[in-house]
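Input: a single structure, listed below in structure tokens.
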There are 2 protein chains.
Amino acid sequence: MVRKPTSKETARKPNMREAILAAAEELFATNGFNAVSVRDIAQAAGANPGSVTYHFKTKDGLLLEIYRRHCGPMNLRRSELLAAAKRVRDLQDRLEAVVRAYVAPAFTSGSDLAGGGARFTRLRAVMSAEGNEVARKIIAQTFDDTSHAFIDAIHDSLPHVPRTDIVWRSHFLLGALYYSLVTPDRVSRLSRGEADGSDAASAIEQLVQATVAAFQAPALDQAAPARRRPVVSKT
Amino acid sequence: MVRKPTSKETARKPNMREAILAAAEELFATNGFNAVSVRDIAQAAGANPGSVTYHFKTKDGLLLEIYRRHCGPMNLRRSELLAAAKRVRDLQDRLEAVVRAYVAPAFTSGSDLAGGGARFTRLRAVMSAEGNEVARKIIAQTFDDTSHAFIDAIHDSLPHVPRTDIVWRSHFLLGALYYSLVTPDRVSRLSRGEADGSDAASAIEQLVQATVAAFQAPALDQAAPARRRPVVSKT
DNA sequence: ATGTGATTTGTACTATCGTACAAAAGATCA
DNA sequence: TGATCTTTTGTACGATAGTACAAATCACAT
């Protein structure tokens, strides 16, 4: 009800609304929610502070709209990739495909915006760390279904690992994923320039490889009392 | 130069300063830096807002003092545990010991305060997510040495894995560690109550187990072109 | 051209922020 | 006890926060 594209062209506006959303997304993802003022956002978007109020009513409303904009497409993309991954026959390959289906959309585009996936994922990481109420509500009711679907798919590939362990390890995966987007420069620094933490392709491959191995680790119950067998040959 | 314990007893004050530090630590770690006001901290500590200014001059100064309080002891503890871990002969066991030496102090006490390790680690996670300037400076110059020491130790146990991969995987470890402390309830929720995300012992064991396996994953270079061998038996 | 609804601007209000500072209270020792 | 130093309190100030709202401007169908 906001736009009436009844003109000859359907979309050709400067679209201040979109500019504000993009600016807010970037600023929130970089500095956190409370560190960014509405005036900061307006200035970055080349808009007037009052314009933010007009389009989104409140600052929380702006954050809410950012989530609404991304959650659908990203979950859809993940579902598609997950469905494809589940059709892989080989168990080992299927596990990797499932993990990749979870990881890839978080780094690459998750919506119509170019490269918005990484930015939005970083935003989620920051909001999660800040304990933001608005974000927590949406996350729980939007991503838990997807998370369960992935956990089930992984469990199918690893029937001998208890579901509890799968949950822990998928939690670690998300944490690693978040952190890779939050402080990619740390990877560059610690590797003394040999690795580029900002390179999405590297991050995805490294994360998939490491996580698949983590999921394949022996179950915790049998590992503690019994002596676990070596998982990698020594040469 | 602040205290003069020349009395008969050396320490028996209500010590408002400590109360402020503890309250600030808790509030910052839960809500982020900018979401917490000096007045919030003072109220939680049962102190007067002016008292915070007196002891720490500025809000940044308060954060700085929290870091100063914890960094030393936690790094010391890690160094001790790392030194002990390096003496383990068996390569597999040594790797696990090294990882445990890195993980354990982050969850348990890292200083004189009871359970302060987890709280401080969570604080670091949140500050990292918010891109806090004060925190970033201290972190880089305080923890990078320790991180390098652990990376080297892990590399010694896994000579066939390139150092770059070790860096990535240790980065994932830290991310998983942070996230486990930031949103432990997510583990409880996704496991439908079967696991307790707040249980430090479980978190440590799960994290060590998963991370050791991740470190032991084949190197990325040789994994992509060549067909990797199965790491886990199918039954 | 003109009227109408959507959008943008400018400004103002109230609340709260970090911080400063003087006065009060408490502790310590000759 | 009285002098001196440390700590706590109370209050105030300027800056900035989120938001509201009327006026100005724009887009466009008639």
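Quick note on labels: first sequence line is chain A, next is B, and so on, each numbered from 1.
- Nearest-nucleotide mapping onto DNA chain C: of A/Gly46 and B/Val38, the residue sitting toward the 5' end is A/Gly46.
- Checking the phosphate oxygens (OP1, OP2) of C/dT8, no side-chain nitrogen or oxygen of A/Tyr54 falls inside 4.0 Å.
- Taking atom CZ of B/Arg39 as the reference point, atom C1' of D/dT16 lies 13 Å away to the nearest angstrom.
- Checked against D/dT9, D/dT19, C/dG10, the side chain of A/Thr58 finds its nearest nucleotide in D/dT19.
- Here D/dT8 presents its C1' atom at 14 Å from CZ of B/Phe56, a figure rounded to the nearest Å.
- For the pair A/Lys59 NZ and C/dT16 P, the computed distance is 15 Å after rounding to whole Å.
- At least one donor-acceptor pair under 3.5 Å links the side chain of A/Asp165 to the backbone N or O of A/Leu220.
- At the phosphate of C/dC17, OP1 or OP2 sits under 4.0 Å from a side-chain N or O atom of B/Ser37.
- Contact between the side-chain N/O atoms of A/His55 and the OP1/OP2 oxygens of C/dT8 is found at a separation under 4.0 Å.
- For the pair A/Asp60 CG and D/dA17 C1', the interatomic distance rounds to 14 Å; values are reported in whole Å.
- Residues B/Ser128 and A/Val182 have side chains in contact (heavy-atom distance under 4.5 Å, counting atoms from C-beta outward).
- Distance from the side chain of A/Lys57 is smallest to D/dA20 among D/dT7, C/dG18, D/dA20.
- Comparing C/dA20, C/dC17, D/dA17 by their nearest atom to the side chain of B/Thr53 picks out C/dA20.
- If you check the side chains of B/Ser37 and B/Asp40, you find a donor sitting under 3.5 Å from an acceptor.
- Protein atom CZ of B/Arg17 is 19 Å distant from nucleotide atom C1' of D/dT9, rounded to whole Å.
- Of the two residues contacting DNA chain D, namely B/Ser51 and A/Pro49, the nearest-nucleotide position lying further toward the 5' end is that of B/Ser51.
- Per the geometry, CE belonging to A/Met16 stands 14 Å off P belonging to D/dC26, to the nearest Å.
- Rounding to whole angstrom units, CD1 of residue A/Ile41 and C1' of D/dT16 are separated by 15 Å.
- With hydrogens and angles disregarded, no donor-acceptor distance shorter than 3.5 Å links the side chain of A/Thr211 to the backbone of A/Val208.
- Distance CG (B/Leu27) to P (C/dC17): 12 Å, rounded to an integer number of Å.
- Between C/dG10 and A/Asn48, a contact under 4.0 Å exists linking OP1 or OP2 to a side-chain N or O.
- Side chains of A/Cys71 and A/Phe120 form a contact here, defined as non-hydrogen atoms less than 4.5 Å apart.
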